[in-house]
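To keep things clear, I will list the structure first and then write my remarks on it.
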Amino acid sequence: MTRIISSTPRPPSFLGRFVPARLRAVWFDALSLLMALGDRRTPPLARLIALAALIYAVSPVDLLPDSIPVLGVSDDLLIVPALLAFAARSLPSAVLAEARFKADRFAGHRRWLVPAILGGVLLIGLGVAYLLIRGIGAVFGG
């Protein structure tokens, strides 16, 4: 069963106005790959490569340490999308088409999700910063 994704462009979401098109495409491909991992027709190699990309993205061990300005993050920005693209290429075309359809449907219904997650992370970060500043003030202030 082949499903065709509508070619009519969607209006840009809240996040779409601030994020470059290439980054949105990588995010969509990653979401499509995530949708494909649940399909039993997905080959083990694609699952393994996607797992490697996830581990590399969250692992503190990198080719270039993140403490190096600009270069530390650049290896993550190059390697993770490359691994995800390689994993997506190893998917059968029917699985990839169905996964892209699911990702498109999910992204269309969940336009609020990414701004909500970013807002939550920002609030947690502000809370942690407040507690750290308050703790440092208590230690050095008296």
Side-chain angles (χ1 to χ4, degrees), residues 1-140:
M1 174 169 84
T2 304
R3 296 180 182 169
I4 298 175
I5 298 174
S6 172
S7 63
T8 58
R10 282 195 175 128
S13 66
F14 170 78
L15 189 64
R17 293 184 207 120
F18 303 106
V19 178
R22 183 66 189 137
L23 188 58
R24 284 194 309 265
V26 168
W27 167 254
F28 182 75
D29 287 344
L31 185 59
S32 299
L33 185 60
L34 179 66
M35 297 291 181
L37 292 179
D39 195 325
R40 60 179 170 74
R41 300 173 292 171
T42 300
L45 179 63
R47 292 176 196 261
L48 183 66
I49 295 169
L51 180 63
L54 176 65
I55 290 172
Y56 189 83
V58 299
S59 172
V61 178
D62 287 338
L63 290 177
L64 297 170
D66 289 338
S67 60
I68 300 173
V70 181
L71 291 178
V73 180
S74 65
D75 69 329
D76 293 337
L77 294 176
L78 294 174
I79 292 174
V80 173
L83 285 172
L84 292 176
F86 185 65
R89 281 187 168 213
S90 64
L91 291 173
S93 59
V95 172
L96 185 59
E98 189 170 331
R100 285 186 173 158
F101 176 78
K102 288 178 184 177
D104 187 50
R105 191 174 62 204
F106 179 81
H109 294 4
R110 305 288 187 249
R111 292 186 183 273
W112 56 268
L113 185 63
V114 173
I117 289 172
L118 291 175
V121 168
L122 178 64
L123 287 176
I124 290 170
L126 289 174
V128 169
Y130 171 76
L131 292 175
L132 284 174
I133 290 170
R134 187 174 171 184
I136 289 172
V139 168
F140 291 112

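Bear in mind the structure is a predicted one, so any value in this text is a computation, not a measurement.
In this structure, NZ in Lys102 is found 6.0 Å from CG in Asp39, a value given to the nearest 0.5 Å. Between Phe86 atom CZ and Leu45 atom CG the span is 6.0 Å, to the nearest 0.5 Å.
The neighbour count for Tyr56 OH, taken as heavy atoms of other residues, nucleotides or ligands under 6.0 Å away, is above 12. For Arg89, the CZ atom counts as loosely surrounded, since its 6.0 Å shell holds 12 or fewer non-hydrogen atoms of other residues, nucleotides or ligands.
Residue Ala88 comes nearest to Leu96 through the heavy atom pair O-CD2, 4.1 Å, listed as atom of the first residue, atom of the second, then distance. Looking at every heavy atom in both residues, Val80 comes nearest to Ala53 through CG2-O, 4.0 Å. Nearest approach of Arg47 to Arg40, heavy atoms of both residues: NH2-CA, 3.9 Å.
No side-chain heavy atom of Leu37 sits under 4.5 Å from any side-chain heavy atom of Leu51. No side-chain heavy atom of Arg105 sits less than 4.5 Å from a side-chain heavy atom of Met35.
Tested against Ile49 for a side-chain contact (heavy atoms from CB on, under 4.5 Å), the candidates Leu33, Leu54, Leu83 yield a single pass: Leu83.
Not one N or O on the side chain of Ser32 forms a donor-acceptor pair closer than 3.5 Å with the backbone of Ala103.
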